[in-house]
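These notes concern the structure reproduced below.
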Amino acid sequence: AGCLTPNSYTYRINSSPSKELSDINRMIRQGSV
Amino acid sequence: HRASNRLMELKNELEDLEQKECMLDQQKFWVEQSIRNTTEDCSDLTYVNHEDICNCFSGHNLLAVRAPSGTQLDVPIPKAVQNSPAKYQIHLKSVNGPIDVVLLNKL
Amino acid sequence: AQECQNLEVERQRRLERIKQKQSQLQELILQQIAFKNLVQRNRQTEQQANRPPPPNSIIHLPFIIVNTSKKTVIDCSISNDKFEYLFNFDSMFEIHDDIEVLKRMGMACGLEVGKCSPEDLKVARSLVPKALEPYVIEMAKGPISNVYITG
């Protein structure tokens with residue numbers, strides 16, 4: 001847990017737009033805060 | 001005189017844009033309805049093979065997740081900690097039913 | 001002049017809204033073509049094999065895919081009722097929905113990247129109502145740039 005911030009991105013399966021997955025992928029790619 | 005001409009032009013164009021927007025709304029409704037029809041009427045044919053998926057992400061490990069609509073997926077923002085390996089996490093939480101996960105591409 | 005200015009603002013706002021709706025419609029048309037293409041392909045495969053594929057070799061839509069490197073160690077915790085999962089990865093991952101998989105499979109005839117062969121365009125046009133064909137033709141040339149299509 002020490003390597004994770006309390007903030008997170010949320011996506012709702014079959015409800016949220018695909019763009020929100022792209023945002024998550026970009027966040028992961030950009031690496032750690 | 002120029003302002004009144006421009007005023008007339010703008011009014012005409014706004015009317016045209018309003019029609020276009022209504023047409024777009026109607027077309028979006030049609031397409032959404034058609035997608036629903038396709039996925040519901042042919043639900044036994046809306047599948048992909050494991051091989052299809054593996055070909056799309058060749059050389060990767062894959063987790064294929066099937067979950068009820070609305071299942072919440074949370075991805076905490078990673079934090080760099082000195083002398084500690086990076087860590088990434090996915091948290092899935094459903095309220096309407098069980099979640100199925102299949103591991104693909106594992107040799 | 002003041003009224004002109006107000007209408008100019010309203011015009012710009014409407015153009016933006018139309019642009020956004022056209023982009024959403026474009027995405028929906030891609031989905032429609034991809035779904036119909038997938039159904040057609042599966043139907044032909046089943047008719048040729050004269051049987052449906054083994055259940056444990058397919059995944060029904062909707063689904064999402066988490067892909068990560070082969071070297072990644074994945075630690076998974078599952079609740080007893082399978083309502084909750086916690087995955088820990090020691091390396092990066094990506095998450096994609098089923099529409100992205102269909103696009104990569106070519107089910108959207110390459111329209112999503114504006115690279116569509118004449119044969120693919122013919123197939124794509126056959127999968128949408130006539131009123132939407134102008135969009136498909138525009139999408140085949142690349143992302144729709146003009147704000148709205150006349151015709």
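Values reported hereafter were calculated over all heavy atoms of this structure, with side chains retained and with hydrogens, waters and symmetry mates removed. Everything quoted here is computed from the prediction, not taken from an experiment. A note on names: the letters A, B, ... follow the listed sequences, proteins ahead of strands, and every chain is numbered from 1.
When heavy atoms are compared at a cutoff of 4.5 Å, Leu132(C) approaches chain B solely by way of its side chain, counted from C-beta outward. Contact of Thr39(B) with chain C is made through the side chain alone, with heavy-atom distances under 4.5 Å. Neither the backbone nor the side chain of Thr45(C) comes within contact range of chain B, judged by heavy atoms closer than 4.5 Å. Heavy-atom distances place the backbone of Ser43(B), and not its side chain, under 4.5 Å from chain C. When heavy atoms are compared at a cutoff of 4.5 Å, Glu18(B) approaches chain C by way of both its backbone and its side chain. Residue contact with chain C, scored on non-hydrogen atoms closer than 4.5 Å, is absent for Asn55(B). For Val75(B), the part lying under 4.5 angstrom from a heavy atom of chain C is the side chain only. When heavy atoms are compared at a cutoff of 4.5 Å, Asp74(B) does not approach chain C at all.
For the set Glu32(B), Glu9(B), His50(B), the count of heavy-atom pairs under 4.5 angstrom toward chain C peaks at His50(B). Interface check for chain C: of the options Val101(B), Ile35(B), Ile90(B), Asn49(B), the most heavy-atom pairs under 4.5 Å are formed by Ile90(B). If you tally non-hydrogen atom pairs under 4.5 Å between each of Asp25(B), Asn96(B), Leu14(B), Thr38(B) and chain C, the highest count goes to Leu14(B). Heavy-atom pairs under 4.5 Å with chain C were tallied for Pro68(B), Gly59(B), Ala67(B), Ser69(B); the largest tally goes to Gly59(B). Among Lys103(C), Glu3(C), Glu8(C), Gln24(C), the residue making the largest number of heavy-atom pairs under 4.5 Å with chain B is Glu8(C). For the set Phe83(C), Phe63(C), Phe35(C), Phe89(C), the entry with the most heavy-atom pairs within less than 4.5 Å of chain B is Phe83(C). Chain B forms more heavy-atom pairs under 4.5 Å with one residue of Pro129(C), Ser91(C), Ser69(C) than with any other, namely Ser91(C). Of the listed residues (Lys11(B), Lys93(B), Glu21(B)), the one with the most heavy-atom contacts under 4.5 Å to chain C is Glu21(B). Of the residues considered (Glu94(C), Gln40(C), His96(C)), His96(C) shows the highest number of contacts with chain B, using heavy-atom pairs under 4.5 Å.
The environment of CD in Glu51(B) is sparse: at most 12 heavy-atom neighbours from other residues, nucleotides or ligands sit within 6.0 Å.
Taking 4.5 Å as the limit, some side-chain heavy atom of Asp100(B) sits within range of a side-chain heavy atom of Lys82(C). For the pair Tyr88(B)/Thr68(C), no side-chain contact is recorded, criterion being any heavy-atom separation below 4.5 Å from C-beta on. Contact check for Phe87(C) versus Leu92(B): side-chain heavy atoms found under the 4.5 Å cut-off. Side-chain atoms of Phe93(C) and Leu63(B), non-hydrogen and from C-beta on, never get closer than 4.5 Å to each other. Ile64(C) places a side-chain heavy atom less than 4.5 Å from the side chain of Leu73(B). Residues Ile18(C) and Leu17(B) form a side-chain contact, since some pair of their non-hydrogen atoms from C-beta on lies under 4.5 Å apart.
Listed by chain and number, the residues in a salt bridge (Lys or Arg N to Asp or Glu O under 4.0 Å) with Arg36(B) amount to none (sequence neighbours excluded).
Separating the CG atom in Leu7(C) from the CE atom in Met8(B) is a distance of 11.0 Å, to the nearest 0.5 Å. With rounding to the nearest 0.5 angstrom, the CG atom of Leu45(B) is 9.5 Å from the CD1 atom of Ile58(C). To the nearest 0.5 Å, atoms CH2 (Trp30(B)) and CD (Gln32(C)) are separated by 11.5 Å. In this structure, CG on Asn88(C) lies 4.5 Å from CD on Gln89(B), to the nearest 0.5 angstrom. For the atom pair CG of Leu61(C) and SG of Cys42(B), the computed distance is 12.0 Å after rounding to the nearest 0.5 Å. Rounding to the nearest 0.5 angstrom, the gap separating the CZ atom in Arg66(B) from the CG atom in Asp98(C) is 9.5 Å.
Under the 3.5 Å distance criterion, the side-chain polar atoms of Arg11(C) are left unmatched by any main-chain donor or acceptor of Leu10(B).
Taking 4.0 Å as the cut-off between side-chain N and carboxylate O, Glu13(B) and Arg14(C) do not count as a salt-bridged pair.
The interface of residues 73-81 of chain C with chain B, defined by heavy-atom distances below 4.5 Å, comprises Ile74(C), Asp81(C).
Between Asp44(B) and His60(C), the closest heavy-atom pair is O-CE1, 3.8 Å. For the pair Cys56(B) and Met105(C), the tightest heavy-atom approach, listed with the atom from each and the gap, is SG-CG, 3.6 Å. Nearest heavy-atom pair across Ile53(B) and Ile65(C) is CG2-CD1, 3.6 Å. Residues Ala3(B) and Cys4(C) come closest through the heavy atom pair O-SG, 3.4 Å.
Applying the salt bridge (Lys or Arg N to Asp or Glu O under 4.0 Å) test to residues at least two apart or on different chains, the pairs with a partner in residues 119-131 of chain C are Arg125(C)-Glu133(C), Lys130(C)-Glu133(C). A salt bridge (Lys or Arg N to Asp or Glu O under 4.0 Å) check over residues 31-46 of chain C, counting only residues at least two apart or in different chains, returns the pairs Asp52(B)-Arg41(C).
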